[in-house]
Amino acid sequence: MQEDSPVQNETTPDTAQTEQPQRAGRRNRLIVLSAAALVALGLGGIAVATTGNDRPAPTAVSLDAQSRAEAASRADRSARESSTPVAPSVSPTASPSAVSASPTPAKTATAKAKPKPKKTTKPTPAWVDPMPGAAVTSCYGQRWGTLHAGIDLALPSGTPIHAAAAGTVTQAGDASDGYGNSVFIDHGNGYLTHYAHQSRIAVTVGQKVKAGQVIGYEGATGDATGPHLHFEVHQGMWNQIDPAPFMRAHGVDLGC
């Protein structure tokens with residue numbers, strides 16, 4: 001056997017010195033590559049993490065902006081719609097009672113402007129009943145063999161006696177021939193009226209009286225059997241005529 005074989009298999013010092021730096025360089029390159037790979041992986045992870053965290057944000061921001069835009073559009077549309085004047089609608093089927101329930105100002109003004117009718121008093125007739133409502137106890141004509149020259153009208157004593165027509169009082173006081181307290185009124189047309197048996201006289205001679213004016217009160221003075229008014233019509237003084245047709249001709253019915 002050769003003695004040099006073991007020596008050939010062993011590494012010489014120079015060769016070992018040369019290979020050692022090479023192995024160190026390879027290790028350094030591996031370390032650098034590993035570090036670069038790790039750095040790349042780290043950056044990729046960061047990028048992935050950042051992308052994973054930031055990707056929803058733009059979406060959220062985009063959705064929020066879209067919502068705000070839609071809300072602003074709705075608000076603007078609502079403002080435009082509310083500012084647009086709306087013409088009042090008139091219902092053609094309005095109830096007539098509802099329309100008539102509130103009168104128009106024109107009608108109200110017309111109603112207020114309408115003058116109220118004035119109350120008018122009925123004019124007094126030229127001739128009236130000297131004692132309205134009285135009962136007739138005796139008419140003009142013959143009685144007990146003598147002329148009863150007037151009409152007797154009876155009501156309770158003290159009933160007012162009225163002038164049969166306007167005129168002037170020519171006598172007021174006790175008259176002769178049983179007439180008692182009497183009043184004579186000249187009517188200026190040739191006729192006089194005579195009111196006898198009064199309990200009290202309310203006028204004086206020369207006084208002007210109107211138709212219907214109270215001139216005295218019923219009584220039983222003179223030749224009288226009880227309270228009553230003895231009413232006569234004279235065509236000239238002491239020329240007695242039947243009062244019934246005369247008064248009827250003047251619109252007054254004394255019941256005879």
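- Heavy atoms only, all atoms of each residue included: Ala172 and Val205 are closest at N-CG2, 3.7 Å.
- Neither Leu155 nor Val128 shares a network with the other; the hydrophobic side chains, linked directly or stepwise wherever heavy atoms of I, L, V, M, F, W or Y lie under 4.5 Å apart, form separate groups for each.
- Under the side chain to side chain donor-acceptor pair (under 3.5 Å) criterion, Ser157 pairs with no residue, sequence neighbours left out.
- Under the 3.5 Å distance criterion, the side-chain polar atoms of His197 are matched with a main-chain donor or acceptor of Thr221.
- With Arg248 contributing its side chain and Cys256 its backbone, the two residues share a donor-acceptor pair below 3.5 Å.
- The two residues Ala126 and Ala165 have their closest heavy-atom pair at O-CB, 3.3 Å.
- Counting only residues at least two apart or in different chains, side-chain hydrogen bond (donor to acceptor under 3.5 Å, both in side chains) contacts with residues 163-172 comprise Thr168-Lys208.
- Linking ILVMFWY residues whenever their side-chain heavy atoms come closer than 4.5 Å, directly or via other members, leaves Val183 and Tyr217 in distinct clusters.
- Using the six-membered ring where Trp is involved, Trp238 and Tyr179 have ring planes that are tilted, between 30° and 60° apart.
- A donor and an acceptor atom, one from each side chain of Thr193 and Tyr191, are nowhere located under 3.5 Å apart.
- Distance check, rounded to the nearest 0.5 Å: CD1 of Ile161 to CZ of Arg200 gives 10.5 Å.
- Residues Phe246 and Ile151 fall within the same hydrophobic cluster, defined by Ile, Leu, Val, Met, Phe, Trp and Tyr side chains chained together at heavy-atom separations under 4.5 Å.
- Considering only heavy atoms from C-beta on, Asp129 stays 4.5 Å or farther from Trp127 through its side chain.
- Closest heavy-atom contact between Val209 and Val169: CG1-CG2, 4.0 Å.
- Between Ile185 and Ile215, some side-chain heavy-atom pair lies under the 4.5 Å cut-off.
- The side-chain heavy atoms of Glu218 and Met131, taken from C-beta on, include a pair separated by under 4.5 Å.
- Ring geometry, Phe184 versus His234: the interplanar angle exceeds 60°, so the pair is classed perpendicular (tilted spans 30 to 60°).
- Closest of all the heavy-atom pairs between Gly188 and Asp186 is N-OD1, 3.0 Å.
- Between the His162 side chain and the Pro130 main chain, no donor and acceptor come within less than 3.5 Å of each other.
- For the pair His187 (side chain) and Ala166 (backbone), a donor-acceptor distance under 3.5 Å is present.
- Expressed to the nearest 0.5 Å, how far CG of Asn181 lies from CD1 of Ile201 amounts to 4.5 Å.
- A distance of 7.0 Å separates CG in Leu229 from CD in Gln198, rounded to the nearest 0.5 Å.
- A single hydrophobic cluster is not seen to contain both Tyr140 and Leu192; linkage of ILVMFWY side chains at heavy-atom distances under 4.5 Å, directly or through other members, places them apart.
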Would you please test Gln142 and Leu147 for side-chain contact (heavy atoms from CB on, under 4.5 Å) and show each step?
CA-CA 4 Å; Gln142 293 293 323; Leu147 177 63; 3.9 Å; yes
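- Under the 3.5 Å distance criterion, the side-chain polar atoms of His148 are matched with a main-chain donor or acceptor of Cys139.
- Of all the heavy atoms in Ala175 and Ser182, the pair that sits closest is CB-OG, 3.8 Å.
- Among all heavy-atom pairs drawn from Pro227 and Ala154, the shortest one is O-CB, 4.1 Å.
- A single hydrophobic cluster is seen to contain both Val203 and Phe231, as judged by linkage of ILVMFWY side chains at heavy-atom distances under 4.5 Å, directly or through other members.
- Under the 4.5 Å side-chain criterion, counting only non-hydrogen atoms from C-beta, His194 is not in contact with Met237.
- By the 4.0 Å N-to-carboxylate-O rule, Arg143 lies close enough to Asp152 to be salt-bridged with it.
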